[in-house]
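Index from 1, following the sequence. The figures that follow rest on heavy atoms only: side chains count, while hydrogens, waters and symmetry mates do not.
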Amino acid sequence: MARRLGIALWLAGAVRLAVGPASAPAAGAAALPHPHTPTLPHSRIAVLVLIPAVSLDDLVSTPTEGIRSLLDTGAVGILNTRTGPSRAGRANRAIDSLVLHPEEVRPTTIEAGCLTLGAGARCHARTEAGEAFEADEVVDGIRAADLWAQRTGLPVTRDRIFQVAIPRMAGRHERLSYAARPGALGQALREAGILAAAVGNADDDAGPHREAACLAMDTRGRVPLGRVGPEMATPDPWTPGGRRTNAEAVLRGVTEALGAGARFVVVDTGDTGRVDRATADIQEEVRPVRRREAIRHADRIVTGLRRLLDPAGTLLILVAPVVSLDAARDGNPLAPVILAGGGRERGVILSPSTRTPGLGVNTDIAPTILDFLGAPIPADMIGRPLTARRDAQAADTVLALERRFRQVEDYGRPLVRWLVWGQVALFGAFLLFLWARPGACASQRGVLRAGALAVAALPAAVLLVGLFAPASPPVGGALMLLLLAGLAGIGRLAGRWVSPVGFLWLLGGALWGCDLLTGGGLLRASPLGYSPYSGARYYGIGNEGFGLLVPALLLGATCAACGLGARPAREARSGRAGVLVAGVLVLLTAALVGHPAFGANFGGALGAAAAGASAIALALRGRVRRRTLVGVGLAGLAVMALPVCLELLSGAGEQSHIGRALALVSAGGPGEAWAVAARKLKMNWTLLRHSPWSRLLVLATAAALALALRGRAALSQQRPALRDGLLALAAGAAASLLFNDSGVLPAAEMAAAGAAALVVFAVESE
């Protein structure tokens with residue numbers, strides 16, 4: 001009897017240890033599937049290896065066995081590492097991302113990078129992201145599992161690892177203006193019945209760094225399997241951080257997790273992160289040496305995994321959540337990623353998020369894992385699954401792509417700043433001139449005409465400068481000045497037959513339209529191209545671009561029809577046909593700007609459609625019936641609806657950011673739609689208050705109004721077509737300002753173009 005009683009007591013104690021302390025289950029806890037009851041067959045396995053704080057060049061230049069094998073057989077790429085901003089740095093990032101690297105505002109941290117990888121959306125994190133512990137580890141005098149239960153109010157489950165700071169991290173992201181759920185990847189896997197595990201740590205003498213758990217945990221901070229305890233690293237006073245990863249223990253932890261049924265395992269190699277955290281304490285010339293040593297040590301883990309895993313059924317992902325501080329300070333924030341096995345062919349990665357072979361986004365990693373394992377991808381994950389394109393020299397191709405990005409960013413970023421402030425100075429000086437010498441436009445014909453021609457030549461010049469691949473900002477600035485001067489000279493010569501400003505604007509509009517139809521090659525190399533560093537746009541046409549394209553076509557056709565500025569001066573005529581043609585051109589351009597395969601700019605399509613429909617209505621007023629004008633309005637609405645229809649018809653993997661926004665609104669309902677609108681309005685308000693583009697908008701609008709009011713009678717009598725074109729442009733600028741999150745940019749450029757046209761008219765009429 002005593003023996004039976006002892007066995008019963010032992011079993012009761014074992015059950016109590018397994019289920020944790022008795023407590024009332026929180027609401028909704030019972031709805032979660034049990035972490036140790038997988039519902040899908042073990043047909044596929046995904047293993048993600050974290051090797052933080054390295055660049056692709058670091059991996060290529062360091063002699064290794066396993067990593068070199070991945071580079072030679074897998075799909076290689078680089079990732080944008082942008083993460084969610086802190087509340088304090090949010091306004092600065094929104095402004096400076098137009099002309100600066102986000103890393104110049106606040107470098108991406110390992111903690112934020114890992115949390116973003118696990119959420120599939122941009123997240124922000126501090127050191128609490130590393131506070132993941134095995135259930136029986138003691139934290140602040142209490143078991144980690146019990147501390148987690150104390151903070152969350154949930155019962156302790158049989159999960160192996162608990163992130164004890166999850167309430168703080170989740171609460172911080174609830175206040176964001178967009179959906180971001182820490183642990184979304186692990187939550188999707190748990191709901192699909194797929195076990196996840198985290199193995200390894202990057203602990204140093206300053207404290208725990210178990211950020212790998214951020215990729216495997218669910219939204220409540222639980223990881224079913226894995227090992228992240230102190231035994232994953234051994235003390236070593238000769239290494240940065242005072243510890244070195246125990247490669248053998250990590251490989252044993254992976255084997256144990258796979259044997260327990262895990263189908264997704266996150267492995268933290270640790271040492272490269274320790275080197276980066278000790279950057280300030282390591283001599284600058286010694287840091288590359290320490291980094292290469294850490295990479296070689298991490299390679300022992302990679303080599304062991306290559307021998308352990310079956311490449312046919314296992315997707316092995318090697319990824320750096322961030323680059324080193326040294327690389328970020330040198331202007332290269334793009335982190336390496338390699339996908340090997342699981343049917344991935346050798347080559348470069350392909351991302352629907354960027355549509356640029358070799359370039360992906362950190363938010364693509366979570367959807368890639370879910371897609372490979374057959375689990376549904378949540379709508380609030382903004383990335384898309386990565387695929388591959390065959391390339392025998394993948395690493396070299398991606399390194400060349402990285403160098404090209406760096407070259408365009410280095411010359412283009414300062415050049416954009418100079419162009420904006422140059423126009424601010426130009427219109428500021430013009431307003432001062434009008435105030436000091438009213439009615440003196442005729443005495444300064446040459447100077448004023450040259451300034452107007454330079455503004456009209458800007459759309460063509462800003463595209464053509466990319467053909468020469470400037471090596472530095474001064475060279476790019478000099479090339480831009482030469483192009484503006486040369487195009488202005490060509491326009492002046494063309495003034496013998498046509499309107500010089502009309503000719504230059506039409507030339508620029510034709511270049512932009514042809515470039516969009518042929519893939520945007522010129523735009524990618526131009527100062528107004530896409531920055532893979534800021535991550536605001538990777539394809540299509542940005543707000544700065546359509547802000548040049550719309551006035552180029554609208555004013556170009558209008559000015560050419562009425563001969564504005566031509567020598568000798570033409571006989572004044574209405575030119576309504578020119579306004580009608582301009583409206584049709586801009587309406588067609590709206591379809592191009594909004595088309596997901598070309599412009600992919602829905603806000604730009606709205607602005608262009610407003611300008612085109614207004615021009616047609618103004619050209620036809622008084623000559624057609626009201627129902628015709630209603631038809632014009634319906635045509636404008638049809639143009640605006642075209643991108644939406646195309647996105648709805650395309651597959652989820654091929655949708656642009658327009659389609660993803662529609663999916664979020666569809667999933668979230670009116671609340672999500674309002675969140676999107678509020679985010680755009682807030683961004684615009686911030687730019688209006690702080691951005692240099694707002695200065696240009698104010699000064700150019702003031703100059704245009706001053707000229708229009710002073711010459712309104714002559715404008716109506718001599719150039720009614722120009723008046724109608726300017727009114728249509730004003731409608732487009734207002735719509736652009738209203739419907740775009742950075743509508744200040746196109747509105748400022750449209751105001752500058754309108755002011756330039758009025759300057760030519762003022763010089764001509766006086």
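When side chains are defined from C-beta on, Phe430 counts as touching Leu448, because their heavy atoms get closer than 4.5 Å. The shortest distance between side-chain heavy atoms of Leu585 and Leu554 does not fall below 4.5 Å. Residues Arg417 and Pro692 have side chains not in contact (no heavy-atom distance under 4.5 Å, counting atoms from C-beta outward). Looking only at side-chain heavy atoms (C-beta outward), Val698 and Arg695 stay at 4.5 Å or farther from each other. Side-chain contact between Val593 and Leu549 is present, with at least one heavy-atom pair separated by less than 4.5 Å. Taking 4.5 Å as the limit, every side-chain heavy atom of Arg449 sits out of range of all side-chain heavy atoms of Val760. Residues Tyr538 and Leu359 are in side-chain contact: their nearest non-hydrogen atoms beyond the backbone lie under 4.5 Å apart. Within the 4.5 Å cutoff, no side-chain heavy atoms of Phe546 are placed close to those of Thr589.
With sequence neighbours excluded, the residues satisfying side chain to side chain donor-acceptor pair (under 3.5 Å) with Asn543 are Asn601, Ser742. With sequence neighbours left out, the side-chain contact (heavy atoms from CB on, under 4.5 Å) criterion links Leu548 to Leu458, Pro459, Val462, Trp512, Leu528, Glu749.
Across Arg710 and Ala762, no two heavy atoms sit closer than the pair NH2-CB, 4.2 Å. Contact record, Ala703 with Ala755: CB-CB, 4.4 Å, taken as the closest heavy-atom pair. Minimum heavy-atom separation, Ala721 to Val579: O-CG2, 3.4 Å. Nearest heavy-atom pair across Gly556 and Trp505 is CA-CB, 3.7 Å. Between Ala735 and Gly607, the shortest heavy-atom contact is CB-CA, 3.9 Å. Closest heavy-atom contact between Arg406 and Gly331: CD-O, 3.5 Å.
Distance CZ/Phe503 to CZ/Arg492: 15.0 Å, rounded to 0.5 Å. Rounded to the nearest 0.5 Å, atoms CG (Leu484) and CG (Leu419) are 7.5 Å apart. How far OG of Ser526 is from CE of Met480: 8.0 Å, rounded to the nearest 0.5 Å. Interatomic distance, CG of Leu517 versus NE2 of His595, reported as 10.0 Å (0.5 Å rounding). Once rounded to the nearest 0.5 Å, the distance linking CZ of Phe761 with CD of Gln718 reads 5.0 Å. In this structure, Leu464 CG and Leu507 CG are separated by 7.5 Å, a value rounded to the nearest 0.5 Å.
Checking side-chain atoms of Arg384 against main-chain N and O of Pro352 turns up no donor-acceptor pair under 3.5 Å. Not a single donor-acceptor pair under 3.5 Å links the side chain of Ser716 to the backbone N or O of Ala713. A distance-only check finds a donor-acceptor pair linking the side chain of Gln407 to the backbone of Ala469 [under 3.5 Å]. When atom types are taken as modelled, the side chain of Arg389 and the backbone of Ile349 share no donor-acceptor pair closer than 3.5 angstrom. Counting only distance, with no hydrogens or angles, the side chain of Asn80 and the backbone of Pro532 share a donor-acceptor pair below 3.5 Å. Asp391 places a side-chain N or O within donor-acceptor distance of the main-chain N or O of Gln393, the cut-off being under 3.5 Å. At least one donor-acceptor pair closer than 3.5 Å links the side chain of Asn740 to the backbone N or O of Ser736. In this structure a side-chain-to-backbone donor-acceptor pair under 3.5 Å is missing from Asp724 to Ala615.
Arg524 and Thr356 share a donor-acceptor pair across their side chains, judged by distance under 3.5 Å alone.
With respect to Leu758, the side chain to side chain contact (heavy atoms under 4.5 Å, CB included) criterion is satisfied by exactly one of Leu564, Leu715, Leu705: Leu715.
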Practice problem: Could you walk me through whether Val455 and Val759 pass the side chain to side chain contact (heavy atoms under 4.5 Å, CB included) test, one step at a time? | Solution: CA-CA 11 Å; Val455 174; Val759 166; over 6 Å; no
Self-check item: Derivation and outcome, side chain to side chain contact (heavy atoms under 4.5 Å, CB included), residues Leu726 and Leu555
Solution: CA-CA 8 Å; Leu726 291 171; Leu555 293 181; 4.0 Å; yes
Practice problem: Using the side chain to side chain contact (heavy atoms under 4.5 Å, CB included) rule, take Leu334 and Leu79 through it: C-alpha gap first, then chi angles, then the decisive distance, then the call. | Solution: CA-CA 5 Å; Leu334 302 177; Leu79 300 176; over 6 Å; no
Practice problem: Applying side chain to side chain contact (heavy atoms under 4.5 Å, CB included), run through Leu620 and Ile616 and close with a yes or a no. | Solution: CA-CA 6 Å; Leu620 296 178; Ile616 295 174; 3.8 Å; yes
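Because its NZ or CZ atom is both nearer than 6.0 Å to the ring centre of Tyr539 and within 45° of the ring axis, Arg355 counts as a cation-pi partner of that residue.
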